[in-house]
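Only heavy atoms go into these numbers, but all of them, side chains included; no hydrogens, no water, no symmetry mates.
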Amino acid sequence: MTPQQEKLQQDAAEVMEKRMPFLNKEKKHTITVEPDASDLTIDGLDDEEETIVKEILRKEYGYTDLN
């Protein structure tokens, strides 16, 4: 995994932990990042929740090229 992928994965986990307290913490969430860090998939979240994470990452963490 590239440093860019690792950073995005860590940032996504942080957003889920700190900004989305309503998520079921008992449920396992698997974060997958494409090699160029342009796409992020989070297994265990519904589409709306995943969209929220991506929007926070775009607006507050500077991932403007994130799909």
Side-chain angles (χ1 to χ4, degrees):
M1 187 175 285
T2 68
Q4 190 177 22
Q5 284 174 288
E6 288 180 29
K7 177 74 171 130
L8 178 53
Q9 192 173 39
Q10 289 171 353
D11 288 345
E14 180 178 301
V15 167
M16 290 169 41
E17 178 68 29
K18 294 181 178 178
R19 302 288 302 277
M20 302 177 78
F22 54 86
L23 292 179
N24 182 353
K25 302 299 182 194
E26 302 295 318
K27 193 173 184 181
K28 178 72 175 157
H29 298 103
T30 304
I31 302 169
T32 306
V33 180
E34 292 299 314
D36 63 356
S38 67
D39 197 19
L40 171 75
T41 305
I42 306 170
D43 293 331
L45 295 184
D46 64 29
D47 290 341
E48 185 177 355
E49 293 167 335
E50 189 172 314
T51 299
I52 291 169
V53 171
K54 288 179 180 182
E55 281 300 311
I56 292 170
L57 288 168
R58 283 185 202 105
K59 291 179 179 176
E60 297 181 20
Y61 288 73
Y63 290 98
T64 56
D65 296 331
L66 183 63
N67 293 322

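- Contact check for Met16 versus Ile31: side-chain heavy atoms found under the 4.5 Å cut-off.
- Here the side chains of Tyr61 and Leu8 are not in contact, with every heavy-atom distance at 4.5 Å or above.
- Remark: Asn67 CG to Thr41 OG1 distance equals 10.0 Å, nearest 0.5 Å.
- In this structure, the side chain of Lys54 engages the main chain of Leu40 through a donor-acceptor pair within 3.5 Å.
- Heavy atoms from other residues, nucleotides or ligands lying under 6.0 Å from CG of Asp47 number 12 at most.
- A 4.5 Å side-chain heavy-atom check between Val33 and Asp39 finds every atom pair outside the cut-off.
- Between the side chains of Glu48 and Thr51, not a single donor N or O lies within less than 3.5 Å of an accepting N or O.
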Evaluate Ile52 against Met20 for side chain to side chain contact (heavy atoms under 4.5 Å, CB included), listing each step before the verdict. CA-CA 9 Å; Ile52 291 169; Met20 302 177 78; 3.9 Å; yes
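- Taking CD1 from Ile56 and CG from Asp11, the interatomic distance works out to 12.0 Å, rounded to the nearest 0.5 Å.
- The OH atom of Tyr63 lies 15.0 Å from the CD atom of Glu55; values are rounded to the nearest 0.5 Å.
- At least one donor-acceptor pair under 3.5 Å links the side chain of Glu49 to the backbone N or O of Asp46.
- Checking side-chain atoms of Glu50 against main-chain N and O of Leu45 turns up no donor-acceptor pair under 3.5 Å.
- Using a 4.5 Å cut-off on side-chain heavy atoms (C-beta onward), Thr30 and Ile42 make no contact.
- Separation of atoms CD (Glu17) and CD (Glu14) is listed at 9.5 Å; rounding is to 0.5 Å.
- Scored by the salt bridge (charged side-chain N to carboxylate O under 4.0 Å, His left out) test, Glu60 finds Arg19 as partners (sequence neighbours excluded).
- The two atoms that bring Ala37 and Leu66 nearest to each other are O-CD1, 4.3 Å, heavy atoms only.
- A donor-acceptor contact shorter than 3.5 Å is absent between the side chain of Arg58 and the backbone of Asp65.
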